[in-house]
Number of protein chains: 2
Amino acid sequence: MVDVAVDLVVLTIRGGELCTLLIRRGVAPHKGRWALPGGFVLADEDLAAAAGRELREETGVASVAGHLEQLRTYGAPRRDPRGRVVSVAYLALLPDLPVPTAGSDAAVAHWRPAHTATRLAFDHDTILRDGIERASAKLEYTSLAAAFCPPEFTIAELRAVYEAVWGTDLDPRNFHRKATTTDGFVKATGRRRAQAAGRPAELFQRGDAEVLYPPLLRPR
Amino acid sequence: MVDVAVDLVVLTIRGGELCTLLIRRGVAPHKGRWALPGGFVLADEDLAAAAGRELREETGVASVAGHLEQLRTYGAPRRDPRGRVVSVAYLALLPDLPVPTAGSDAAVAHWRPAHTATRLAFDHDTILRDGIERASAKLEYTSLAAAFCPPEFTIAELRAVYEAVWGTDLDPRNFHRKATTTDGFVKATGRRRAQAAGRPAELFQRGDAEVLYPPLLRPR
DNA sequence: AAAATAGTGTCTATTAGACAGTATGCC
DNA sequence: GGCATACTGTCTAATAGACACTATTTT
């Protein structure tokens with residue numbers, strides 16, 4: 001008999017950088033260390049429901065926008081000094097929210113750059129790494145990048161998602177062509193949005209396709 | 001507090017068909033139904049170790065050849081009528097073995113066609129479906145197809161893996177070119193193997209690359 | 001007009017898909 | 001020789017990457 005927890009890798013794009021939600025632990029073990037948000041699964045609760053509940057409690061997000069999927073399960077016998085805890089990690093992708101750190105929990109959540117976040121509690125370094133790698137891979141062959149964007153977004157915003165997650169620059173012209181011609185990726189709204197300067201960009205919504213074919217591969 | 005189990009989606013190619021290892025349950029619940037092999041994780045046992053142990057017990061395979069990876073965790077509150085059981089599913093890919101059903105367990109394992117296997121115990125229909133989908137997807141962008149083959153194999157055998165898993169025919173000439181020119185996919189041994197008829201095929205080993213770039217995409 | 005950002009068009013290299021043709025074995 | 005399978009070469013269409021150029025806004 002073991003305890004089952006869910007841990008959350010919550011990713012968003014803030015200021016052109018991939019960020020993850022971390023909480024500072026107020027109690028032992030690993031008191032004072034940064035950790036992924038999470039908690040124990042309730043007696044009669046589904047795993048995905050527990051992940052959604054923790055996400056709401058930590059971020060205040062209804063999670064209607066964005067995306068939540070199971071990442072991987074971590075169950076090394078001594079990963080938690082309190083005893084045997086098997087943790088089912090979930091990956092959440094969210095648009096940059098106006099209320100990112102409003103936690104009803106005692107511990108307040110903070111956004112931290114995801115690529116450099118390290119020395120986390122438990123095995124959360126590994127879980128975070130796995131989450132970033134999953135997100136990077138899924139941007140290639142799914143339309144999931146739009147989960148980082150508000151309901152209506154410009155092609156430049158969509159490109160910024162790829163650039164932040166992959167840590168590379170992409171050619172704006174070629175990206176525009178790929179995004180707008182790949183079937184089901186984005187849907188034109190006809191509306192436009194004015195920037196600080198320059199020609200106003202057309203606004204798009206997420207398309208119907210889950211899978212991009214052909215995929216949008218990372219440059220090697 | 002819940003029980004944690006591992007369930008195994010064990011896949012191989014037999015007679016040009018994708019097959020999965022199933023056991024007939026001898027005890028309630030779901031007595032007499034077909035089910036994925038699996039069992040409970042021991043008190044101080046790592047999840048991957050438990051999966052490897054179950055694989056050995058059910059198949060007698062040392063699992064040195066082949067491939068074993070975590071698939072996904074299934075934890076719906078009422079998925080097991082005995083109580084709360086969270087199951088961490090693993091996916092194993094094996095070459096067609098001379099001793100496939102030698103089980104030291106009371107229940108004997110049998111190979112069954114994977115694509116048509118259905119009406120399994122618990123939520124094992126879903127787990128098997130997810131395992132097949134994972135294998136199909138990973139053939140596209142990894143060199144994992146070789147895990148289905150013996151240490152030395154012909155390009156035709158490698159192609160048969162793709163055709164069995166994807167359920168499609170591939171052009172032998174184009175596949176040969178793709179397999180032999182994609183960096184790190186296969187390594188020539190210089191040896192040949194005589195068939196029943198026709199020119200003997202060159203024997204290859206698995207290459208160093210984990211990831212295929214560019215990928216070998218399923219036809220749509 | 002200058003600057004800035006959005007978007008289109010064009011050229012080239014690479015790759016996938018179709019398939020003719022050649023190589024090398026067994027009967 | 002006939003047949004079967006392995007392998008190579010060639011043509012064409014689609015796609016990615018590089019980048020010139022046009023469009024539409026603010027200052």
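Hydrogens, waters and symmetry mates are skipped; everything else that's a heavy atom, side chains included, is used.
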Review point. Just wondering, do B/L94 and B/V10 contact through their side chains at under 4.5 Å, heavy atoms?
Key: yes

Point to revise | Any donor-acceptor pair under 3.5 Å from B/T12 side chain to B/D96 backbone | key: yes

Review point. Are the side chain of B/H124 and the backbone of B/L36 linked by a donor-acceptor contact shorter than 3.5 Å?
Key: yes

Exercise for review: Go through residues 200-219 of chain B and report each residue with a non-hydrogen atom lying under 4.0 Å from DNA chain D, sorted by number.
Suggested key: B/P200, B/A201, B/E202

Review point. With a 4.5 Å heavy-atom cut-off, do B/Y74 and B/T126 have their side chains touching?
Key: yes

Check your understanding: Rounded to the nearest 0.5 Å, how far does CG of B/L93 lie from CZ of B/R134?
Key -> 10.5 Å

Exercise for review: Not counting sequence neighbours, which residues clear side chain to side chain contact (heavy atoms under 4.5 Å, CB included) with B/A156? List them please.
Suggested key: B/T154, B/R159

Listed pairs under 3.5 Å, donor-acceptor, residues 177-190 of chain B side chains, sequence neighbours left out:
unit_1 : atom_1 : unit_2 : atom_2 : d
B/R177 : NH2    : B/N174 : OD1    : 3.0
B/K178 : NZ     : B/P214 : O      : 3.2
B/K178 : NZ     : B/P215 : O      : 3.4
B/T180 : OG1    : B/H176 : O      : 2.6
B/T180 : OG1    : B/R177 : O      : 3.3
B/T181 : OG1    : B/R177 : O      : 2.7
B/T182 : OG1    : B/K178 : O      : 2.7
B/T189 : OG1    : B/R191 : N      : 3.1
B/T189 : OG1    : B/L203 : O      : 2.7

Review point. Would you call A/Q70 and B/R72 a side-chain contact if the rule is heavy atoms closer than 4.5 Å?
Key: yes

**Study point:** Closest-nucleotide 5' rank along DNA chain C - winner of A/R199 and B/R192
**Key:** A/R199

Practice item. Taking the side chain as every heavy atom from C-beta outward, state whether A/R25 and A/F122 have any pair of such atoms under 4.5 Å apart. Key: yes

Review point. For A/A196, which contact category applies under a 4.0 Å heavy-atom criterion: base, sugar-phosphate, or nothing?
Key: sugar-phosphate

Point to revise | Listed once per pair and sorted, the salt bridge (charged side-chain N to carboxylate O under 4.0 Å, His left out) pairs that draw on residues 192-204 of chain B, sequence neighbours left out | key: B/E157-B/R193

**Study point:** Close side-chain approach of A/L68 and A/L8, heavy atoms under 4.5 Å
**Key:** yes

Practice item. Walking along DNA chain D from 5' to 3', note the first and the last nucleotide with an atom under 4.0 Å from a heavy atom of chain A, and give both. Key: D/dA16 to D/dT26

**Study point:** chain A footprint on DNA chain C, 5' to 3' - any atom under 4.0 Å from a heavy atom
**Key:** C/dA4 to C/dT10

Show the atom names and distances, to 0.1 Å, of all donor-acceptor pairs under 3.5 Å that link a side chain in residues 160-168 of chain A to residues at least two apart or in another chain.
unit_1 : atom_1 : unit_2 : atom_2 : d
A/Y162 : OH     : A/L139 : O      : 3.0
A/E163 : OE2    : A/L170 : N      : 2.9
A/W166 : NE1    : A/S136 : O      : 3.0

Check your understanding: With sequence neighbours left out, which residue pairs that include part of residues 118-127 of chain B fulfil the salt bridge (charged side-chain N to carboxylate O under 4.0 Å, His left out) condition?
Key -> B/R79-B/D123

Revision key, fill the gap. What residues 152-173 of chain A contributes to the DNA chain D interface at heavy-atom separation below 4.0 Å is A/D171, A/R173

Exercise for review: Taking only heavy atoms on the protein side, list every residue of residues 174-182 of chain A lying under 4.0 Å from any atom of DNA chain C, sorted numerically.
Suggested key: A/H176, A/R177

Review point. Under 4.5 Å between any side-chain heavy atoms of B/E58 and B/L22, yes or no?
Key: no

**Study point:** B/I23 side chain near B/W34 side chain, heavy-atom distance below 4.5 Å
**Key:** no

Point to revise | Close side-chain approach of B/Y90 to B/D7, heavy-atom, < 4.5 Å | key: no

Practice item. Under the side chain to side chain contact (heavy atoms under 4.5 Å, CB included) rule, collect the residues that match up with B/A114, sequence neighbours excluded. Key: B/L11, B/L18, B/T20, B/I132

Check your understanding: Heavy atom of residues 137-145 of chain A under 4.0 Å from DNA chain D: which residues?
Key -> none

